[in-house]
Structure formats: structure tokens, C-alpha cells
Student: 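To start, I am sharing the structure in question, which I have written as C-alpha cells.
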Amino acid sequence: MTGAPGLGPEDAEWAGELARSWVEVYKRSATTLALLRLIEAHGPLPAAGLAPLFEEATGWTLTERGLYRTLRRLAESGVLAMERVDVARTGAKRQDFSLTAVGRDYLERIERELV
């Protein structure tokens, strides 16, 4: 990738590093926002149900590990509730995620601050 006209190679490399760093921070924050919006819009959802909705909404893919880590972090902070429910026909349990009252307020506050 080339830089702006008149930009030297070292400056172009530095600008590229800054941009990559910004994208990683942005994606991490945007992932939280997107997941909260999806859970709010679609009600209690299992992680497996969130993954395709997330990809459709953002165009980004999340690893299973990354998705569960983010959901666990949000649940531990009181933003999401986890409910174990029976899976039809198998009797197995799965975890459905929903917003708590704190989660709804958190999402509203984030959205008010968006540019």
C-alpha cells in the first residue's frame, strides 16, 4: 500500500502502523457495540446464533474463542445475563445471552456518545 503523495517510505510505514493499531482498537470496541445491539434486537440468543448475525451485520468474522471471551467478559461485568436452557430434542443445555438493565443503560450511553 502506498502513502500520500510526497510521503517518504518511513513515514508511510509509520502511518500504516498507526492505522493498523487504530483498526484493531476500533474493531474491539465495535465488536462489543455490535453484539449488544444484536442481543437487544433479537432477544436472548446463544453464542452460535450470534455469530452469523454478527458477520451479517458487520462483515467481520469472530473466532469462536473470541466470541465466547467477549460474551463472558460482558456477562462478568453485569452487562449480559446468561441463562442455561434445554436444547430441543437433545436435552443438552446451552447458554442464552440477554441484556441486563445495566446492559441496556450501558448500550444507551454508548450510543449517545457516538460521533
Side-chain angles (χ1 to χ4, degrees):
M1 178 187 279
T2 60
L7 191 62
E10 288 180 10
D11 288 336
E13 184 178 341
W14 175 239
E17 287 179 36
L18 289 172
R20 282 186 294 281
S21 174
W22 182 88
V23 166
E24 286 308 309
V25 170
Y26 168 76
K27 275 189 168 180
R28 194 170 301 132
S29 297
T31 295
T32 296
L33 176 60
L35 289 172
L36 294 177
R37 283 179 169 171
L38 290 167
I39 293 168
E40 178 186 45
H42 298 282
L45 287 169
L50 273 167
L53 291 172
F54 178 84
E55 187 171 347
E56 181 181 315
T58 65
W60 302 334
T61 57
L62 275 175
T63 64
E64 186 175 323
R65 182 177 180 199
L67 175 61
Y68 279 99
R69 184 179 28 217
T70 301
L71 292 172
R72 194 174 326 111
R73 177 180 50 80
L74 292 169
E76 288 171 356
S77 67
V79 173
L80 294 180
M82 290 188 300
E83 181 182 358
R84 293 185 60 79
V85 297
D86 292 327
V87 176
R89 290 184 246 139
T90 67
K93 297 278 189 187
R94 73 165 189 237
Q95 291 182 336
D96 282 358
F97 296 88
S98 59
L99 287 179
T100 63
V102 169
R104 281 188 293 283
D105 188 59
Y106 176 57
L107 178 58
E108 288 174 14
R109 289 170 185 257
I110 291 170
E111 290 178 329
R112 278 197 305 259
E113 296 296 325
L114 293 176
V115 176

Student: Could you give the distance from CZ (Arg112) to CG (Leu107), rounded to the nearest 0.5 Å?
Tutor: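 Between atom CZ of Arg112 and atom CG of Leu107 there are 10.5 Å.
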
Student: Taking the hydrophobic residues Ile, Leu, Val, Met, Phe, Trp and Tyr, and joining any pair whose side-chain heavy atoms are under 4.5 Å apart, which ones share a cluster with Leu18?
Tutor: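 The other cluster members (ILVMFWY side chains, heavy atoms under 4.5 Å, direct or chained) are Trp14.
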
Student: Identify the heavy atoms of Pro52 and Gly49 that sit nearest to each other, and give their distance.
Tutor: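 Closest approach of Pro52 to Gly49: CD-O, 3.6 Å.
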
Student: Using the ring of each side chain (for Trp, its six-membered ring), is Trp60 parallel, tilted or perpendicular to Phe54, with breaks at 30° and 60°?
Tutor: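 Tilted, since the angle between the ring planes falls between 30° and 60°.
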
Student: Taking everything shown except Arg65 itself, do over 12 heavy atoms lie less than 6.0 Å from its CZ?
Tutor: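 No.
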
Student: Do you reckon Leu35 sits in the same ILVMFWY cluster as Tyr68, going by side-chain contacts under 4.5 Å, direct or chained?
Tutor: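 Leu35 does not cluster with Tyr68.
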
Student: Could you please spell out the steps behind the side chain to side chain contact (heavy atoms under 4.5 Å, CB included) verdict for Asp96 and Met82?
Tutor: CA-CA 6 Å; Asp96 282 358; Met82 290 188 300; over 6 Å; no

Student: Heavy-atom distance under 4.5 Å between the side chains of Glu76 and Arg72, does that happen here?
Tutor: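 The answer is yes, as the side chains (C-beta and beyond) meet within the 4.5 Å cut-off.
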
Student: I'd like to check Val85 versus Lys93 (side-chain heavy atoms, cut-off strictly below 4.5 Å). Are they in contact?
Tutor: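 Result no, sub-4.5 Å side-chain heavy-atom pair not found.
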
Student: For the CZ atom on Arg84, are there more than 12 heavy atoms of other groups (residues, nucleotides or ligands in this structure) within a distance under 6.0 Å?
Tutor: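 Correct, the count exceeds 12.
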
Student: Step by step, work out the side chain to side chain contact (heavy atoms under 4.5 Å, CB included) result for Leu71 and Ile39.
Tutor: CA-CA 11 Å; Leu71 292 172; Ile39 293 168; 4.2 Å; yes

Student: CD of Glu111: more than 12 outside heavy atoms within 6.0 angstrom?
Tutor: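 Above 12, so yes.
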
Student: If you measure from CZ on Arg37 to OG1 on Thr58, what distance do you get to the nearest 0.5 Å?
Tutor: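 Rounded to the nearest 0.5 Å, the CZ-OG1 separation comes to 12.0 Å.
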
Student: Distance alone, cut at 3.5 Å: any donor-acceptor contact between the side chains of Thr32 and Arg73?
Tutor: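 Arg73 and Thr32 do have a side-chain donor-acceptor pair below 3.5 Å.
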
Student: Tell me, do Thr70 and Leu50 make a side-chain contact under 4.5 Å, heavy atoms counted?
Tutor: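 In short, these two side chains do not touch, never coming nearer than 4.5 Å.
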
Student: Should Leu67 and Tyr26 be regarded as members of a common hydrophobic cluster, given that ILVMFWY residues are connected when their side-chain heavy atoms come within less than 4.5 Å of each other, either directly or indirectly?
Tutor: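 Result: yes, single cluster for both.
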
Student: Any chance you could measure Arg94, atom CZ, to Glu83, atom CD, to the nearest 0.5 Å?
Tutor: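 The CZ atom of Arg94 sits 9.5 Å away from the CD atom of Glu83.
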
Student: Leu36 and Leu80: side chain to side chain contact (heavy atoms under 4.5 Å, CB included), yes or no, with the steps?
Tutor: CA-CA 8 Å; Leu36 294 177; Leu80 294 180; 4.0 Å; yes

Student: When Ile, Leu, Val, Met, Phe, Trp and Tyr are grouped by side-chain heavy atoms lying under 4.5 Å apart, directly or through other members, which residues fall in the same group as Val87?
Tutor: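 Hydrophobic cluster check, Val87: no partners found.
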
Student: Does CD in Glu10 sit with more than 12 non-hydrogen atoms of other residues, nucleotides or ligands closer than 6.0 Å?
Tutor: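 No.
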
Student: Has the side chain of Thr31 got a donor or acceptor atom that lies under 3.5 Å from a matching backbone atom of Lys27?
Tutor: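 Yes; judged by distance alone, with no hydrogens or angles, the pair exists.
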
Student: Pair Asp105, Thr100 - check side chain to side chain contact (heavy atoms under 4.5 Å, CB included), show working.
Tutor: CA-CA 9 Å; Asp105 188 59; Thr100 63; over 6 Å; no

Student: Considering non-hydrogen atoms only, spot the tightest contact between Val102 and Gly78 and give its length.
Tutor: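 Taking every non-hydrogen atom into account, CB-O, 3.7 Å.
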
